[in-house]
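Right, one structure below, let's go through it.
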Amino acid sequence: MPIFGNGRRVAVVAGLRTPFTRSGTTMRTATAEDLGRAVVSELIARTGLDGRELDLLVFGTVIPNVLAPNIAREVSLIPSLPKSVQAWSVSRACASANQAITDAADQITLGHADVAIAGGAESLSNVPILHSRGFSDVLVAASKAKTLGARLGAFTKLRPRDFIPVTPAIAEASTGETMGQSAEKMAKINHIPRDEQDQFALRSHRLAAAGTQDGRLTAEIMPYYAPPKYEKWETSDNGIRTDTSPEQLAALKPVFDRKYGTVTAGNSSPLTDGAAAVILMSEEKARALGYKPIAYIKSYAYAALDPGEQLLQAPVLAAPVALKRAGLTLKDIDVVEMHEAFAAQVLCNLKGFESKQWAERAGYSAPVGTVDRSKLNVMGGSIAIGHPFGATGARIVTTLSNELHRRGAQFGMLTVCAAGGLGCVMILENAT
Ligand SMILES: CC(C)(COP(=O)(O)OP(=O)(O)OC[C@H]1O[C@@H](n2cnc3c(N)ncnc32)[C@H](O)[C@@H]1OP(=O)(O)O)[C@@H](O)C(=O)NCCC(=O)NCCS
């Protein structure tokens, strides 16, 4: 039964993103809140949306700023929006922007909202660095001390190891396994050789370079001037390597299993800063306000599996559910957009779609099927473009909507794998 078929149709009216830049480069001085505010302000300006029409704003982020944990509210306080806009933040690891978009879409379907902005932002240049437990205990004790002597006394308890800061790792809290180690494990289980991973990474760079060169990708990107001096700017993604080659990729050493591994810096997505957002409206409201929708959200599904198993394989479980909810099969899908955390993960997901065992695990008798590579990530993906965790889902929804329109194609499917063993699949329909 199509989820959105019973309710009001939800239209993607427009989407936009900042350039995606490698962490520590041009946008390193911007926080995730800065990036989110910039993209939402520009999206409103470009579409001419009257801020008073906006009911709600949902934003995703993975590593939140502890001083501003509700990033959505910080973003919604821009001058072009009234303070009465509802704003909340969501976290579903790398599918956080998808969660923001489907939350907003649900509100529209239910009739609780007509106009929403949803997206996400991440600044991996600005991850919080924490004090150790020992240092924190001393600071708390010192703050409670009633005399100067007691305060100074608290500091005498510090030991050298207490000065070692704690940085968030891109690792599972439950298993301790990093994303890269999980990708490596999946490559081994599913027999994905190194050269296939490198070829896929090369394809990502070449297609993203072509999309940048001919303006298809840059049309979705606003120029970003980095605070505080606004002297440095970026107009396109700075991780796309126009000059990479099979030989260069083959020469890179494995990072996560140095001895027997196949996952390298070349076939992984890089740590990235960026933000992306979409405007969603009920079909009726879009018509009433004179907007031409680009796509409709036809269905979506989330799935989860044991993070200790194959961490990034949950899209394989979500895809048959999303397709069924849309009343479609893979044969009906004209364009497929898959988040590329690692080339190994995409290739494992593709194998999973073809597997009867994975279909049965999801409760279906037949596999999803073989994805036609000529329809897959036609302007590259996260390996080349970059992957600001909280923002990627909104980038992909924007790109897929625009690509369906450009091709005059009808249906598109997007998949995002996420930490925690989570996965998201959405089905979009061309509205133009
Ligand atoms: C893999 C990873 C550890 C690499 O980090 P890094 O070492 O800082 O990466 P770099 O960009 O510096 O690349 C390392 C080297 O490979 C080279 N390289 C990377 N990609 C290349 C390519 N496509 N072609 C040629 N050379 C390449 C770089 O030039 C660099 O060379 P140098 O050391 O001579 O300067 C990091 O990107 C990472 O952790 N990625 C995964 C992120 C993740 O887990 N995301 C979650 C997914 S959901």
Side-chain angles (χ1 to χ4, degrees), residues 2 4-5 9-17 20 43 46-47 97-98 101 105 119 200 202-221 236-237 240 276-281 283 286-287 291-300 315 319 322-323 325-340 346 349-350 353 368-385 392-416 424-432:
F4 288 97
R9 280 219 286 188
V10 179
V12 179
V13 166
L16 189 69
R17 66 179 174 92
F20 283 3
L43 184 58
R46 285 191 185 192
T47 53
N98 302 87
I101 290 168
F200 191 82
L202 186 67
R203 171 191 193 275
S204 186
H205 283 281
R206 290 202 171 146
L207 292 173
T212 305
Q213 181 75 28
D214 65 22
R216 282 171 297 156
L217 269 183
T218 28
E220 298 174 0
I221 302 174
S236 59
D237 309 320
I240 302 171
V278 297
I279 296 179
L280 303 175
M281 290 186 192
E283 188 178 11
R287 199 175 307 125
Y291 287 100
K292 248 178 131 353
I294 336 170
Y296 295 112
I297 299 179
K298 185 91 177 142
S299 76
Y300 68 83
L323 284 165
R325 286 176 177 169
L328 301 173
T329 69
L330 185 61
K331 287 198 180 72
D332 301 308
I333 301 294
D334 303 299
V335 186
V336 178
E337 274 289 328
M338 292 177 73
H339 163 49
E340 303 169 350
V346 179
N349 291 177
L350 290 171
F353 290 146
V368 168
T370 301
V371 172
D372 177 345
R373 295 291 180 94
S374 68
K375 297 177 179 174
L376 174 65
N377 293 4
V378 295
M379 288 182 282
S382 304
I383 291 174
I385 291 168
T392 288
R395 166 186 76 77
I396 295 180
V397 168
T398 303
T399 296
L400 184 57
S401 303
N402 288 333
E403 193 58 31
L404 288 173
H405 164 66
R406 198 159 26 235
R407 292 179 174 223
Q410 195 176 2
F411 296 115
M413 176 172 90
L414 66 90
T415 77
V416 180
C424 170
V425 173
M426 295 175 70
I427 309 291
L428 304 186
E429 179 170 12
N430 187 354
T432 57

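When reading the values below, keep in mind they use all heavy atoms of this one structure, side chains included, and skip hydrogens, waters and symmetry mates.
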Ignoring hydrogens, what is the shortest heavy-atom contact between Ile240 and Ala208? Give both atom names and the distance.
CD1-CB, 3.8 Å
Salt bridge (charged side-chain N to carboxylate O under 4.0 Å, His left out) partners for Arg373, two or more places apart:
none
Quick one: salt bridge (charged side-chain N to carboxylate O under 4.0 Å, His left out) partners of Glu337, sequence neighbours excluded?
none
Any donor-acceptor pair under 3.5 Å linking the side chain of Glu283 with the backbone of Arg9?
no
Main chain of Asn98, side chain of Tyr300: is a donor-acceptor contact present, judged purely on distance under 3.5 Å?
no
Which of Val335, Val13, Val12, Thr432 passes side-chain contact (heavy atoms from CB on, under 4.5 Å) with Ser401? It is Val12
With sequence neighbours excluded, what pairs up with Arg206 under the salt bridge (charged side-chain N to carboxylate O under 4.0 Å, His left out) test?
none
Do any N or O atoms from the side chain of Thr415 and from the backbone of Met338 form a donor-acceptor pair under 3.5 angstrom?
no
Going by side-chain contact (heavy atoms from CB on, under 4.5 Å), name the residues that satisfy it together with Ala394, two or more places apart in sequence or in a different chain.
Ala97, Ile101, Ala276
Without swapping roles, check the side chain of Arg17 against the backbone of Glu220 for a donor-acceptor pair under 3.5 Å.
no
According to side-chain hydrogen bond (donor to acceptor under 3.5 Å, both in side chains), who are the partners of Asn349, at least two apart in sequence or on a separate chain?
Gln313, Gln345
Any donor-acceptor pair under 3.5 Å from Asp332 side chain to Thr329 backbone:
yes
Taken in chain and number order and not counting sequence neighbours, the residues that satisfy side-chain hydrogen bond (donor to acceptor under 3.5 Å, both in side chains) with Arg216 are Asp214
Ignoring hydrogens and angles, state whether a donor on the side chain of His339 or Thr392 is under 3.5 Å from an acceptor on the partner side chain.
no
Is there a side-chain contact (heavy atoms from CB on, under 4.5 Å) between Asn377 and Ser204? Walk through the geometry before answering.
CA-CA 8 Å; Asn377 293 4; Ser204 186; over 6 Å; no
Is the backbone N or O of Gly412 less than 3.5 Å from a side-chain atom of Asp334, with the two atoms forming a donor-acceptor pair by type?
no
Pair Ile396, Met426 - check side-chain contact (heavy atoms from CB on, under 4.5 Å), show working.
CA-CA 10 Å; Ile396 295 180; Met426 295 175 70; over 6 Å; no
